[in-house]
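Below, chain A is the first sequence line, B the second, and so on; all start at residue 1.
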Number of protein chains: 2
Amino acid sequence: MTRARARKQAEIRQANLQRILDAAEVVFSRRGLQGATIDEIAAGAGLPKANILYYFRSKQHLYRAVIDNIVQLWLSTLGDISPDHDPREALLHYVRLKVRLSKERPHASRVFAAEVLSGAPVIGRFLRTDLKRWVDRQAAVFRQWSRQGRMEPIEPRHLFFLIWAMTQTYADFEVQVQAVLGRRTLREADYARAERTIGALVLRGCGLVPRGPRRPNKS
Amino acid sequence: MTRARARKQAEIRQANLQRILDAAEVVFSRRGLQGATIDEIAAGAGLPKANILYYFRSKQHLYRAVIDNIVQLWLSTLGDISPDHDPREALLHYVRLKVRLSKERPHASRVFAAEVLSGAPVIGRFLRTDLKRWVDRQAAVFRQWSRQGRMEPIEPRHLFFLIWAMTQTYADFEVQVQAVLGRRTLREADYARAERTIGALVLRGCGLVPRGPRRPNKS
DNA sequence: GTCTATATCGAGATAGAC
DNA sequence: GTCTATCTCGATATAGAC
């Protein structure tokens with residue numbers, strides 16, 4: 001086999017893997033691990049059923065690959081918060097990123113949510129090790145800021161639980177938001193308003209001043 | 001058949017129905033609709049499998065009964081907010097009730113969450129009708145309070161999305177909270193802290209003063 | 001590497017004895 | 001009303017042709 005041909009095959013392989021992962025994310029988010037069928041994933045990916053099981057040994061293996069994919073996306077998008085940052089800017093930035101992820105990758109968010117909801121059988125270890133360490137690191141920064149009087153002493157770990165909950169609800173409970181707002185689909189304006197409202201709650205909750213005309217007179 | 005005997009049979013029937021509903025709630029919350037098996041529900045209820053299908057025509061019917069049960073619990077526990085109430089007290093009371101529901105009925109919360117997550121195939125109509133109307137009513141009260149200068153003009157419907165998200169995360173994402181806090185199970189102190197933290201965010205977010213020594217000097 | 005045909009199995013639902 | 005035995009079906013996974 002020529003080098004050119006080998007490279008072409010590798011490209012096809014990569015493309016197929018990505019198509020399968022993308023389709024699987026959608027189907028798992030709508031049907032759950034048990035409810036999803038390889039047939040439906042194959043249809044979504046535009047490939048015959050048997051090819052799915054050629055690339056991934058079993059439905060379980062495919063599911064783990066999807067979850068790993070999502071965790072990588074989360075970790076690569078959300079870096080660490082540095083003590084040098086301005087608390088107000090850092091919190092707003094984090095909220096903004098999380099809301100954007102909910103808008104851009106709602107299926108990923110819902111697959112993750114369903115996994116945790118059902119007891120995190122696959123991702124439990126990650127939560128107890130990497131995620132716990134990440135939160136502990138950020139919490140130390142927040143405590144430092146509190147000691148320096150740069151923000152109120154809100155319990156930092158619970159603050160993260162609440163920010164995650166608020167930002168992810170626009171992906172995970174999207175149909176409920178749509179139903180209550182009377183919309184067929186959420187618009188950019190809805191996410192912008194979500195971002196502002198969450199930002200206001202978080203900043204004021206931490207004793208920081210939201211942007212804009214609401215800043216009180218120092219006099 | 002004597003009257004006494006008929007009454008006894010009715011009692012057994014009621015007891016069995018309740019045992020099945022309770023067991024089903026737990027199994028559905030752990031496995032999802034598709035993942036749950038009638039066998040496991042029967043084992044949980046201490047009844048033979050066939051009896052489940054004697055009381056409920058099918059797994060789907062049982063699932064709908066569980067969902068209806070949960071909605072009834074929500075509606076009966078959380079009444080309407082009246083314009084006569086004090087905004088601060090009303091919001092704190094609502095947050096407290098929701099956190100208590102997450103603590104007392106985590107399985108119910110998770111079944112509901114999984115239903116909405118998967119697109120609300122069963123409960124969609126309820127969300128678009130009864131729930132929407134309920135939120136619209138409460139939103140009108142909040143807007144009135146804002147006009148009267150009794151609270152900041154936070155968008156009320158989003159405020160509900162955020163309160164729901166924050167309070168339910170302690171049930172729905174319980175394993176994640178446990179993992180990050182390094183606990184085997186959540187304690188009363190954890191729920192109390194959750195309640196305080198959510199209360200602080202919501203009150204300050206609405207321009208209301210949290211309780212206690214943090215009240216600023218008016219001077 | 002790709003796809004068709006099929007073995008296998010688990011689980012929902014039912015028939016019918018008690 | 002209750003329970004055992006069984007039917008039936010849908011979906012995973014595999015065997016093997018191409």
Practice problem: Map A:Gln60 and B:Ala50 onto DNA chain D by nearest heavy atom, then report which one ends up closer to the 5' terminus. | Solution: B:Ala50
Quiz item: Just to confirm, is there a sub-4.0 Å distance from OP1 or OP2 of C:dT2 to any side-chain nitrogen or oxygen of A:Tyr54?
Solution: no
Practice problem: Whole angstrom is fine here: how far is it from CG in B:Leu53 over to C1' in D:dA5? | Solution: 15 Å
Practice problem: Give the rounded distance in Å between these two atoms: NE2 of A:His61 and P of D:dT14. | Solution: 11 Å
Practice problem: Could you check whether the rings of B:Phe112 and B:Trp74 sit parallel, tilted or perpendicular, using 30° and 60° as the cut-offs? | Solution: tilted
Quiz item: In whole Å, what is the span from the CZ atom of B:Phe56 to the P atom of C:dT14?
Solution: 16 Å
Quiz prompt | Shortest side-chain distance from B:Ile38, nucleotide among D:dC3, C:dG12, D:dG1 | solution = C:dG12
Quiz item: Of the nucleotides D:dA13, C:dT14, C:dG1, which one has an atom closest to the side chain of A:Lys49?
Solution: D:dA13
Quiz item: Just by modelled atom types, is the B:Tyr170 backbone N or O under 3.5 Å from a matching donor or acceptor in the B:Lys103 side chain?
Solution: no
Practice problem: Identify which nucleotide among C:dG1, C:dT2, D:dT12 has an atom closest to any side-chain atom of A:Tyr55, counting heavy atoms from C-beta outward. | Solution: C:dT2
Quiz item: Rounding to a whole Å, what distance do you find between A:Arg31:CZ and D:dG10:P?
Solution: 15 Å
Practice problem: Send over the distance from A:Lys8 NZ to C:dT2 C1', rounded to a whole Å. | Solution: 16 Å
Exercise. Describe, in one word, how the ring planes of A:Phe161 and A:His158 are oriented to each other, choosing from parallel (under 30°), tilted (30 to 60°) and perpendicular (over 60°).
Key: perpendicular
Quiz item: Is B:Arg110 reaching over with its side chain to a backbone N or O of B:Arg30, donor-acceptor style, under 3.5 angstrom?
Solution: no
Practice problem: Would you indicate what A:Ala42 reaches in the nucleic acid, counting non-hydrogen atoms under 4.0 angstrom: base, sugar-phosphate, or nothing? | Solution: nothing
Self-check item: Spacing between A:Asp39 atom CG and D:dG10 atom P, to the nearest angstrom
Solution: 12 Å
Quiz prompt | Closest to side chain of B:Asn51, choosing from D:dT12, D:dC3, D:dA13 | solution = D:dC3
Quiz item: Atom CD1 of A:Ile12 to atom P of C:dC3: distance rounded to whole Å?
Solution: 11 Å
Quiz item: How long is the line joining CD1 of A:Ile20 and P of C:dT2, in whole Å?
Solution: 9 Å
Practice problem: Answer yes or no: is there a donor N or O on one side and an acceptor on the other, between the side chain of B:Gln138 and the main chain of B:Ile81, under 3.5 Å? | Solution: yes
